[in-house]
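Let me begin by presenting the structure, written as structure tokens, before commenting on it.
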Amino acid sequence: MISPLSEAIRYIGVDDNDLDLFESQYLVPEGMSYNSYLILDEKVAVLDTSDARTGDAWMQNLEEALQGRKPDYLIVHHMEPDHSACAAALLEKYPGVTLVATAQALKMLPQFFPGVQLDGRTRAVGEGDILELGTHTLQFLLAPMVHWPEVMMSFETRERILFSADAFGKFGALEQTGGLWCTPDYDWACEARRYYFNIVGKYGVQVQRVLAKVAPLGVKTVCPLHGPLLRDTLAEALQLYTTWSSYGVETPGVFVAYASIHGGTAEAAEKFAQMLRDRGCPKVATSDLTRDDLAEAVEDAFRYGTLVVAASSYDAGLFPPMYDFLWHLQIKGWQKRRAAVIENGSWAPSAGRVMTEMLSTMKDVTLVGEKVTIRSRLQPADLPALEALADAVLQ
């Protein structure tokens, strides 16, 4: 897709409509976009490339948008291959190009492009450095660990556009999800949230630091490396990023995640969720971890203020789908939440012990109520304990 953002700036990104797993782990039923931009001034700058899967289409977009001109600079905001895979091909096609990136990114270049001649063809930039293109100027902002250590953003000072690397990205190909621009009637937050917490979520402190740098700039448009561009909906996106990166509660409510082998745990978890609804809980979300998308479950754990985990015991430990879910919360930095535990065990319940141990390793997580244990199937005698736990969760 080639689309003008202004008289001098073009979108030259590409969609991958056939991709099933982004980063070989995240379901993307609506595909993925790889965003790239071109600034045509006295000097010509290409801002990022694309994934190798869409490299030919991206190069075609670039050549068409150049209209016979040759690029002077390739700006690499992020070295991850879904954005830089075509860098070597561009350097080969246009020998006069200077590759601009952080010093750490330049150290990584030979790892991704062994044998490519880079001597005299690179320029390292740091915090606040300026690249003059003519009437347009790029100011560079370092963004380490958002979500790799070499990441930077750039701010075009004339049109007040922030090229934000992976920040403010989302899953989905543009042609399948509403087009290039995010409009007020489009639910940007849904897939942006799943993207943020599964890819960037661990690095909230680093995101907060970048947001503090961006705040005084008067940004009018954000151009991410994935997903639609933000302009009319920018204020909402910034507010959500502030909440997400500070690990605040976005939606008051409870998330009940369960992993059931033969249905007994599932019955207890759904009964408990209904108890919460009957008590007026503003929002109750549930997830069957044996069947639902794990990335969506991680997203909901960050979205709501309280998590209730219910799982079967397994091999004197914990049923693997629940273990995998809690392990993902550990590595993604889940924190500042309340949690409650329901276990099932036919002869030697062990799930509650393992879930409690895993939750206790996470930062600022408070366990509420008494652990509830059921034996194989929910019995009438178990209901008072579930009712008491529901009361404790809603206090």
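What's counted below: heavy atoms across the whole structure, side chains too, no hydrogens, waters or symmetry copies.
The ring-ring contact (aromatic ring centres under 6.0 Å, His included) test with Tyr195 is passed by exactly one of Phe302, Phe171, Trp188: Phe171.
For the residue pair Thr49 and Ser36, no side-chain donor N or O sits within less than 3.5 Å of a side-chain acceptor on the partner. Residues Tyr304 and Glu250 have side chains that never bring a donor and an acceptor to within less than 3.5 angstrom of each other. When only modelled atom types and interatomic distance are considered, His147 and Glu80 share a side-chain donor-acceptor pair under 3.5 Å. Inspection of the Gln139 and Thr157 side chains reveals no N or O donor paired with an N or O acceptor under 3.5 Å. Looking at Ser287 and Asp292, their side chains do bring a donor and an acceptor atom within 3.5 Å of each other. A donor and an acceptor atom, one from each side chain of Thr137 and Arg158, are nowhere located under 3.5 Å apart. Thr251 and Arg303 share a side-chain donor-acceptor pair at under 3.5 Å. Counting only N and O atoms by type, the side chains of Thr177 and Glu30 include no donor and acceptor under 3.5 Å apart.
Between Leu38 and Ala65 the shortest heavy-atom distance is CD2-CB, 3.6 Å. Here the shortest heavy-atom pairing between Cys182 and Thr233 reads SG-OG1, 3.4 Å. Between Ala273 and Val284, the closest heavy-atom pair is CB-CG1, 3.8 Å. Taking both residues in full, the closest heavy atoms of Ser312 and Ala351 are given as O-CB, 3.5 Å, listed atom of the first, atom of the second, then distance.
Here the side chains of Thr221 and Leu234 are not in contact, with every heavy-atom distance at 4.5 Å or above. Leu99 places a side-chain heavy atom less than 4.5 Å from the side chain of Leu109. Residues Arg337 and Val249 meet the side-chain proximity criterion, which asks for heavy atoms closer than 4.5 Å. Taking 4.5 Å as the limit, every side-chain heavy atom of Leu141 sits out of range of all side-chain heavy atoms of Ser154. Asp166 places none of its side-chain heavy atoms less than 4.5 Å from the side chain of Val151. A 4.5 Å side-chain heavy-atom check between Trp58 and Tyr34 finds every atom pair outside the cut-off.
Of the possible polar contacts, none joining the Asp300 side chain to the Phe255 backbone as a donor-acceptor pair under 3.5 Å is found. Without hydrogens or angle criteria, Arg10 side chain to Leu40 main chain gives no donor-acceptor distance under 3.5 Å. Looking only at distances, no side-chain donor or acceptor of Thr54 sits under 3.5 Å from a matching main-chain atom of Ala57. Here the side chain of Lys170 pairs no donor or acceptor atom with the backbone of Gly227 at under 3.5 angstrom. Between the side chain of Thr102 and the backbone N or O of Glu150 there is at least one donor-acceptor pair closer than 3.5 Å. Proximity of a side-chain donor or acceptor of Asn61 to a complementary backbone N or O of Gly13 within less than 3.5 Å is detected. A donor-acceptor pair under 3.5 Å is absent between the side-chain atoms of Glu267 and the main chain of Ala269, judged by distance alone. The backbone N or O of Asn198 sits less than 3.5 Å from a side-chain atom of Tyr26, completing a donor-acceptor pair. Between the Asp15 side chain and the Ala173 main chain, no donor and acceptor come within less than 3.5 Å of each other. Checked by atom type and distance alone, the side chain of Gln335 pairs as donor or acceptor with a backbone atom of Gly333 at under 3.5 Å.
Residue Leu211 holds its CG atom at 9.5 Å from OG of Ser246, rounded to the nearest 0.5 Å. Here the CD atom belonging to Glu387 is positioned 4.0 Å from the CE atom belonging to Met275, to the nearest 0.5 angstrom. Here Ser33 contributes atom OG and Asp51 contributes atom CG; the two are 11.5 Å apart, rounded to the nearest 0.5 Å. Here the CG atom belonging to Leu118 is positioned 7.0 Å from the CG atom belonging to Leu91, to the nearest 0.5 angstrom. Annotation: the span from Phe155 atom CZ to Leu217 atom CG amounts to 5.0 Å, rounded to 0.5 Å. Rounding to the nearest 0.5 Å places CD of Gln379 at 6.0 Å from CG of Asp382.
Heavy atoms of other residues, nucleotides or ligands lying less than 6.0 angstrom from CD of Gln330 number more than 12. Applying the 6.0 Å contact sphere to CD of Gln25 captures more than 12 heavy atoms from other residues, nucleotides or ligands. Other residues, nucleotides and ligands contribute only 12 or fewer heavy atoms inside 6.0 Å of the CZ atom of Arg291.
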* Asked: Can you check side-chain contact (heavy atoms from CB on, under 4.5 Å) on Val309 and Leu326, steps first, answer last?
  -> CA-CA 9 Å; Val309 287; Leu326 291 175; 4.2 Å; yes
* Under the side-chain contact (heavy atoms from CB on, under 4.5 Å) criterion, do Phe272 and Val393 qualify, and how do the steps go? -> CA-CA 11 Å; Phe272 182 77; Val393 164; 4.1 Å; yes
* Apply side-chain contact (heavy atoms from CB on, under 4.5 Å) to Leu389 and Glu370, showing your working. => CA-CA 7 Å; Leu389 184 60; Glu370 295 293 328; 6.0 Å; no
* To do: Carefully, step by step, assess His226 and Phe168 under the rule ring pair (Phe, Tyr, Trp, His ring centres under 6.0 Å).
  => CA-CA 8 Å; His226 297 295; Phe168 299 100; over 10 Å; no
* To do: For Asp48 and Asn35, run side-chain contact (heavy atoms from CB on, under 4.5 Å): C-alpha distance rounded to whole Å, both residues' side-chain angles, the deciding distance at 0.1 Å, then the answer.
  => CA-CA 8 Å; Asp48 300 295; Asn35 298 345; over 6 Å; no
* To do: May I have the step-by-step check of side chain to side chain donor-acceptor pair (under 3.5 Å) for Arg123 and Thr98, ending in yes or no?
  => CA-CA 7 Å; Arg123 174 175 170 180; Thr98 297; over 6 Å; no
* I would like to know whether Asp278 and Gln274 meet side chain to side chain donor-acceptor pair (under 3.5 Å); could you show each step before the answer? => CA-CA 6 Å; Asp278 293 343; Gln274 189 56 50; 2.9 Å; yes
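A salt bridge links Glu127 and Lys213; the closest N-O separation between the charged side-chain nitrogens and carboxylate oxygens is under 4.0 Å. Ion pairing between Arg53 and Asp16 holds under the 4.0 Å rule for side-chain N and carboxylate O. At a threshold of 4.0 Å, the pair Glu132-Lys43 does not count as salt-bridged, since none of the basic side-chain nitrogens sits closer than that to a carboxylate oxygen. Between Asp391 and Arg279 there is a salt bridge, since a side-chain N of the basic residue sits under 4.0 Å from a carboxylate O of the acidic one. Ion pairing between Asp293 and Arg194 holds under the 4.0 Å rule for side-chain N and carboxylate O. Glu343 and Lys371 are joined by a salt bridge, as a carboxylate oxygen and a charged side-chain nitrogen come within less than 4.0 angstrom of each other. Taking a cutoff of 4.0 Å between a charged side-chain nitrogen and a carboxylate oxygen, Arg193 and Glu299 qualify as a salt bridge.
Classification of the Trp244-Tyr196 ring pair by plane angle, with boundaries at 30° and 60°, yields tilted. The aromatic rings of His83 and His78 lie tilted to each other, with the angle between the two planes from 30° to 60°.
Clustering of Ile, Leu, Val, Met, Phe, Trp and Tyr side chains at separations under 4.5 Å places Ile39 together with Met1, Leu5, Ile9, Tyr11, Tyr37, Leu47, Tyr73, Ile75, Val100, Val125, Leu131, Leu133, Leu138, Phe140, Leu142, Met152, Ile161, Phe163, Leu174, Leu180, Trp181, Leu229.
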